[in-house]
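Order of listing sets the numbers, starting from 1, for every ligand and every atom in it. Scope of the values below: all heavy atoms of this structure, side chains included, with no hydrogens, waters or symmetry mates.
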Amino acid sequence: MAADTSTTNPVRIIPLGGLGEIGLNLMAVECGGRAVIIDCGVMFPEEPLLGAGLYVPDFEWLASGRTAIDAIFLTHAHEDHIGALPHLLRHINAPVYGTEVTLAYASRRLKERGYDGAADLRRVRPRERVEHGPFGIEFIRVTHSTPDSLALALSTPAGTIVHTGDFKIDEAPVDGEHFDRQRFAELGAQGVALLLSDSTNVEREGRSGSESSMRPVLRDLVSRTRGRFILSAFSSHLHRIRQVVEVSREFGRRVVPLGRRMGESVRLGIETGQLAFAAGTFIDPSEAEFLEARRLTYLAGGSQGEPLSALAKLGSDTHPRVHIEQNDTIVLSSRFIPGNERTINTLVNRLFKRGAAVYYDAIAPVHVSGHAARDELAEMIRLVKPDNFVPIHGEYRHLVRHASLAAEMGIAERNRFLLEDGDTLVLTGAGAKRGREVPAGRVLVEGDVASDPALVGERRALARDGTITAVVVVSAATGALIGGPELVSRGVVGGDGTSAHMLLARAELEQRLRTMRGRLRAGDPVLHDEIVRTVKRYFGETLGKRPLVVPHVMEV
Ligand SMILES: [Zn+2]
Ligand SMILES: [Zn+2]
């Protein structure tokens, strides 16, 4: 009798993003040459000067064609889980599963990115199950900072794998949809080969607290506000938005979404029933102009200090329709993401200068996290009782700390695996071990095209060390240097080019050009290189800077 190969095939866990950074979440689970994908997210560059681009995971391994991709599962609507879907669907063709809210955001993202292929979006509900190749995939409700979020349980030939997605354990969820503790416990009782769990808030003690604890805080702030009430939160945080709308209605305020993204999100919230309010609750900024300030609540994006956001415009008083005044209250209802603090602080100062009362995480309890803190993470391990454990969704230190939490929970060292993007884990019925690495990384895209890495390098140099333009005039007839070099600095040294460093750098370049052999010609790459090298060397040796040097050679 032939052996059933599906029970002997090992299952490979292949993280291609999200293990080593918060963002870019993408994982493949493969068995016998067939795979499913969990999430497909983006990450925003930390350095704003890198432009409007964003990172997507490197799809090299997925696009190589060696493995058939049967399906894509989206755990929830956040950008770090769905944002790269349009890019992925250019490489592979597979059905995409998600809940109603998740798919609403995903299809908006597909449209925005001009993805004209007909994506096969399949709506699922918690506790449903689908089959794909060697896998059965079950959807389990979790609570998080966007509605309709899922964990996944994959039954595979090597046992059950639980992927938590992003989660917290909210005991009093705003929409009444509870974290499905019972189902996790049932799976744990049946036996789970591997748990992959969200590490974001492993550094926080205790529990995250319920989202509904925000309601009395918002109610108190709204009740004390005599002017406009402005809430700035992530646009996909429909539970937070729902609570501020409820409180606003109680005090006779209409709600005005500001900005395209917030407007879209409110519209999706209404369409999916997450923001079920009477007609007339939400109004346009133009309608709001006819109402008194104390009758208005505004929803504004930009709580991370994003330069073109509604909140930034309010801070600089450049919003075409809304101007902050005394008696207005502004609440930045989100965490300051590390790296953004300076920009946010500048924004907060500006908002104070406009005379508003400003509340933010550091001074008032105006935010609760959507990610499980340590006690909830421990509870997840206790519920699922996994044989093996891999921390996911975190920077390296989060993964390390989550692995040591698992150790405290009694998971032996041989059963804990610290994987980074591109590392793999092989599960057999008998146990788990590390497998061979696969290519992984990130690609910066602007619009729909991958950016030239040289361009990114140039922007870094510009941001850090400034730029120097070197103008050189040569004779078309003789190839001799007849003018310049002139050096113009932006951000390298101050002044008008007569500073000692500029004069010395100029002298050194001139000396170099005069000793170059042969005729100097405008299009000569050797000449260009020589100019760049000489100027860079001067500023490197004297000031420790590596400015971007732009040569301009003119023939006359
Ligand atoms: Zn999330
Ligand atoms: Zn996430």
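Aromatic rings from His87 and Tyr55 are positioned such that their centres are separated by 6.0 Å or more.
The residues Arg215 and Glu250 are annotated as salt-bridged, a charged nitrogen and a carboxylate oxygen being separated by less than 4.0 angstrom.
Listed by chain and number, His76 NE2, His78 ND1, His144 NE2, Asp166 OD2 are the protein N/O/S atoms closer than 2.8 Å to the Zn ion (ligand 1), with waters left out.
Evaluation of the salt bridge (charged side-chain N to carboxylate O under 4.0 Å, His left out) rule for Arg397 yields Glu203, Glu395 as partners, not counting sequence neighbours.
His144 and His78 have perpendicular rings, their planes meeting at more than 60° on a 0 to 90° scale where under 30° would count as parallel.
Residue Arg181 forms a salt bridge (charged side-chain N to carboxylate O under 4.0 Å, His left out) with just one option from Glu171, Glu376, Glu186, and that option is Glu171.
At least one test fails for Arg416 against the ring of Phe389: distance under 6.0 Å to the centre or angle within 45° of the axis.
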